[in-house]
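Below is one structure, written out as structure tokens; the observations come after it.
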Number of protein chains: 2
Amino acid sequence: MVTIKDIAQQAGVAKSTVSRYLNGGSVSKKTKAKLDQIVNETGYTPNTFAQSLKAKKTNMIGTIIPRLDSFATNAILASIDEELRKKQYQLIITNTNQNIEREVENIYTLAKQKVDGIILLATVVTEAHRAAIAAVGIPVLLLGQSAEGLHTIVHQEYEAGFKMGSHAIDLGHKKFLFFTVPEEDKAVGQLRSKGVLDALRKYPDTFIEIIETNFSFSKAYEKAMDVLPATSATYVLCATDNIALAVMKAAHTLGLSIPNDFSLSGFGGYTVASIVTPSITTVKYPYKKLGALSVANIIELVEGKEIVSNLELPNELIKRESTVYLKSSK
Amino acid sequence: MVTIKDIAQQAGVAKSTVSRYLNGGSVSKKTKAKLDQIVNETGYTPNTFAQSLKAKKTNMIGTIIPRLDSFATNAILASIDEELRKKQYQLIITNTNQNIEREVENIYTLAKQKVDGIILLATVVTEAHRAAIAAVGIPVLLLGQSAEGLHTIVHQEYEAGFKMGSHAIDLGHKKFLFFTVPEEDKAVGQLRSKGVLDALRKYPDTFIEIIETNFSFSKAYEKAMDVLPATSATYVLCATDNIALAVMKAAHTLGLSIPNDFSLSGFGGYTVASIVTPSITTVKYPYKKLGALSVANIIELVEGKEIVSNLELPNELIKRESTVYLKSSK
DNA sequence: GTGAAAGCGCTAACAT
DNA sequence: ATGTTAGCGCTTTCAC
């Protein structure tokens, strides 16, 4: 391993001169030429750890994600990665596999690795989260879940829900089945759901059956297999595209046809929702923009600047083949 | 930031004693108790960089992946992550966005960050790759592409292709359309394809039309929209599940029905291939096992042990609704 | 069992 | 423009 000292010796100069040369300080043309050559020959690369030890800045940003197999997560991550690269930062991804304790644990782990900042794709925000964030003393940006007193960027979940609910009403439907997730999840289980329900309940003569499931495909499929045969609903709302896909699969299995037997919609704007037949009506979230904004904000925070603490990003209803006007026959 | 020095001062002992205490060396019960308490109170955590500066070992493994939005990649990554965690290693993921130069670049970047080893989900292996691997002097494990003289773990691609080709033949088909990827990709474009073609060509009276596309959904969709209307094929083979999904979408758009108008198969074992209707026949690769094996091997390498340099993992044909016996009418 | 001291590779005053 | 020096937080001889 060739070090700054070796270079210095070979060039017959002091370590500090080499250091200055490396970091763009003023050096004479002659020494520069000599150093250029030696560095090239030896293939010297600085020891990041020794640098970090002084600099207190590693140019690494850590992210904590709940799972690797989510379209939304990957879209956001890809965007974060791209933006971070532009700014000469390195991305470290840690996966919690939906384990909340691990989420907190990873905050500490990343802090130990001296990342300059952390972007947390949060599932929930517990006291342990707050304690960890306070303890590590590095900027943390929360994505997807709002939390008092922390820096967050979230989607307009209530509005998304309301849009979709209104869409269903506009199509003339009265009887609804709503697959949603537990209230523990504030963004989806509370806000998005409330938006949907508020929109539906604005009209007096609607009938809504609520089914609680979770984010997994298989669980949603099971629930759908249970519920679909007996339902009289003409419109099935699902809290995520993933759930919608599961319901669609169940419908196929049961010999039900979408949108003839019922309309179906999800949330998320996942690519697969557009490629299945019929394509699924959904709400599209600006993942790319979210990623870009996250990076811009976390870097501001790293540099000690002030930012708007709580941002909300708008989204867009995408009408597709899976939702149609209520047929008068029903 | 509380350091070992602070702890030492508070405890009235030397830094070295604290260090020994921290690293399981021999300390008296009394000092241990005192130190226990102080460390707890202060919430001390060692500075990883200072440690690494001496230790030359960071317990970090770097991975280089071509894209974040691939089912296969995510499945492998999740498995690697899980295994690594068990062994107290930290995973660093870097994304190249399908850019080959960046792949090489990232080898150097990760080396600078002093990862103990690199797992590379390779797309191709160029001279630049070999040069980089030789230069950084840390163990590199290649996944998915074989390469002379390097440590690799690959899928039995030829066999996978051959299995699928044989399946198509067994169903009585004679006319085939084969969507494949360029030969640059050795694993898929060469081996997998050759397996398919060899199986088909074993029978003299087969007719095969080959369409070259790439890994992207949209490109495959375009090609399919071009080709499907005119084809007389009764079985469409696709080099990946992603391509198969694109063909399926095109078929729907064109009003063609699978498997009535033609049978369809992919490769990869992606989840979505099982949830669409009809579900798609595919070859399932053991991603989880691949991840686990990768971790086991890279750690062996890191510890300076010898390993089997070139491993091949078997796979499994999954027959689903999209492929059926050739109807005698055609 | 414990402490003093050297050193890992680098940066950053400060002096020349 | 260049060299000297100190020090980042930690580990590791080597005495005691």
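Below, read A as the first sequence line, B as the second, and so on, with proteins coming before strands; counting in each chain starts at 1. As the structure is a computational prediction, the values presented were derived from the model and not from experiment.
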Between [X] and [Y], is any side-chain donor less than 3.5 angstrom from a side-chain acceptor?
X        : Y        : value
B/Thr48  : A/Lys114 : no
B/Ser19  : B/Ser16  : no
A/Gln156 : A/Tyr285 : no

Sub-4.0 Å heavy-atom contacts from residues 28-43 of chain B onto DNA chain C, ordered by number: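 Contacts with DNA chain C under 4.0 Å: B/Ser28, B/Thr31.
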
Of all pairs that satisfy ring pair (Phe, Tyr, Trp, His ring centres under 6.0 Å), the ones with a partner from residues 38-85 of chain A, not counting sequence neighbours: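 Sorted pair list: A/Phe49-B/Phe49, A/Phe71-A/Tyr270.
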
Under 3.5 Å: donor-acceptor pair, side chain of A/Asp81, backbone of A/Leu91: no

Side-chain donor/acceptor of B/Thr42 to backbone N/O of B/Ile38, under 3.5 Å: yes

Listed by chain and number, what are the salt bridge (Lys or Arg N to Asp or Glu O under 4.0 Å) partners of [X], not counting sequence neighbours?
X        : result
A/Glu105 : B/Arg85
A/Lys87  : none
B/Lys305 : B/Glu300, B/Glu303

Residue pairs passing the salt bridge (charged side-chain N to carboxylate O under 4.0 Å, His left out) test where at least one lies in residues 15-34 of chain A, sequence neighbours excluded: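 Qualifying pairs, neighbours excluded: A/Lys32-A/Asp36.
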
Under 4.0 Å protein heavy-atom contacts per nucleotide of nucleotides 11-16 of chain D, with B for base, S for backbone only and - for none: BB----

A/Val27 side chain, from C-beta outward: closest of D/dT2, D/dC10, D/dG3: D/dT2

Boundaries of the chain B footprint along DNA chain C (any atom under 4.0 Å from a heavy atom): C/dG1 to C/dG9

Between D/dC10 (P) and B/Gln9 (CD): distance, integer Å: 13 Å

Within residues 125-135 of chain B or reaching into it, pairs that qualify as side chain to side chain donor-acceptor pair (under 3.5 Å) - sequence neighbours excluded: B/Glu103-B/His129, B/Thr126-B/His129

Five-pair end axes of the helix from C/dG1-D/dC16 to C/dT16-D/dA1 and the angle they enclose, rounded to 10°: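 Rounded value for the end-axis angle: 40°.
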
Sequence-distant partners of A/Thr45, side chain to side chain donor-acceptor pair (under 3.5 Å), two or more places apart: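 Scan of A/Thr45 (side chain to side chain donor-acceptor pair (under 3.5 Å), adjacent residues dropped) gives none.
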
Return a table of donor-acceptor pairs under 3.5 angstrom between the side chains of residues 134-142 of chain A and protein atoms on other chains or two or more places apart.
none

